[in-house]
K.L.:
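First the structure, which I've put down as structure tokens, then a few questions once you've had a look.
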Amino acid sequence: MNKVLRLIVVVLLGLAAGMAQAVNNYTFSYTWSNGDVITGGFSGNASGNLINDLTHISFSLNGVVVTGPIGSSGDEYGFSPAIASFDGQQNKLVFYNSDFSSFFISQDAGPVYGPPGTNFFGVKVQGVGDACDNYTGDAGPGFVCKGAIGSVMRWTVSAVPEPSTATMLLGGLAGLGALARRRARS
């Protein structure tokens, strides 16, 4: 009977581990060269360096939270899906509220914001912000980037542990404790 019980416990722990990895919630932050800080979160599916299928987006600038529904796209015109990257250099995202008075952009600079192939970061929250950084510190005509991103990594993305992960960990520790207690009695 002990073997059947152990098998059931192993199967349940395996299922819990699989469910815990299926949930993909992330937090992100970026610190501009002028000291402004954007923080937020989203759900998505990680594949290598990229995170696709972004949903449940939230963000704030210096603690001012953007409220209401937040949309996303991979460009300013909404033609492509948003993509985030763990290193920030492959970001292709625009997060925005319904009237576009608040937005966060991180994408290829293109010919407008700087030399193609250089990612830039821009933000405006409730009409305040307009911070702009890119890898060269330059911007195209009509745009001013306040600083170069340089070699300092100021973009971070990290996975948020789900409650099921903590439950699985505690269950596993309790199981190991029970086994150790049983063996100590023998």
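All values reported here derive from a predicted model rather than from experimental measurement.
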K.L.:
Rounded to the nearest 0.5 Å, how far does CZ of Phe28 lie from OG of Ser158?
P.N.:
11.0 Å
K.L.:
Applying side chain to side chain donor-acceptor pair (under 3.5 Å), name anything that partners Ser73, two or more places apart in sequence or on another chain.
P.N.:
none
K.L.:
Do Ser80 and Asp75 meet the criterion of a side-chain donor-acceptor pair at a distance under 3.5 Å?
P.N.:
yes
K.L.:
Assess whether side chain to side chain contact (heavy atoms under 4.5 Å, CB included) is satisfied between Asp36 and Thr31, documenting all intermediate values.
P.N.:
CA-CA 6 Å; Asp36 287 343; Thr31 304; over 6 Å; no
K.L.:
Could you tell me whether the side chains of Thr39 and Ser29 share a donor-acceptor contact shorter than 3.5 Å?
P.N.:
no
K.L.:
Is the shortest side-chain heavy-atom distance between Val94 and Gln107 below 4.5 Å?
P.N.:
yes
K.L.:
Output the distance between atom CZ (Phe95) and atom OG (Ser58), rounded to the nearest 0.5 Å.
P.N.:
9.0 Å
K.L.:
I'd like to check Phe86 versus Thr156 (side-chain heavy atoms, cut-off strictly below 4.5 Å). Are they in contact?
P.N.:
no
K.L.:
Under a plain distance cut-off of 3.5 Å, with no hydrogens placed, do Asn45 and Asn52 share a side-chain donor-acceptor pair?
P.N.:
no
K.L.:
As an exercise, state the distance from CD1 of Ile70 to CD1 of Ile57, rounded to the nearest 0.5 Å.
P.N.:
7.0 Å
K.L.:
Show the nearest heavy-atom pair for residues Val125 and Val66, with the distance to one decimal.
P.N.:
CG1-CG2, 3.8 Å
K.L.:
Is it the case that the side chain of Asn91 and the backbone of Ser85 share a donor-acceptor pair, with hydrogens and angles ignored and the cut-off at 3.5 Å?
P.N.:
yes
K.L.:
Using a distance-only test with no angle check, is there a side-chain donor-acceptor pair under 3.5 angstrom linking Asn49 and Gln90?
P.N.:
yes
K.L.:
Taking the six-membered ring for Trp, are Phe59 and Phe103 ring centroids under 6.0 Å apart?
P.N.:
no
K.L.:
Does the side chain of Ile83 come within less than 4.5 Å of Leu93's, by heavy atoms?
P.N.:
no
K.L.:
Is there a side-chain contact between Ile51 and Val157, using heavy atoms and a 4.5 Å cut-off?
P.N.:
yes
K.L.:
How close do Ala159 and Tyr26 get, counting heavy atoms only, and between which atoms?
P.N.:
CA-CD2, 3.7 Å
K.L.:
Find out whether Tyr96 and Phe104 are in side-chain contact, i.e. whether some heavy atom of one side chain is under 4.5 Å from a heavy atom of the other.
P.N.:
no
K.L.:
Tell me, please, which residues at least two apart from Ser101 pass side chain to side chain donor-acceptor pair (under 3.5 Å).
P.N.:
Asn97, Asp99
K.L.:
Report the C-alpha distance between Ser43 and Asn24 in whole Å, list the side-chain angles of each, state the deciding distance to 0.1 Å, and finish with yes or no for side-chain hydrogen bond (donor to acceptor under 3.5 Å, both in side chains).
P.N.:
CA-CA 6 Å; Ser43 297; Asn24 302 305; over 6 Å; no
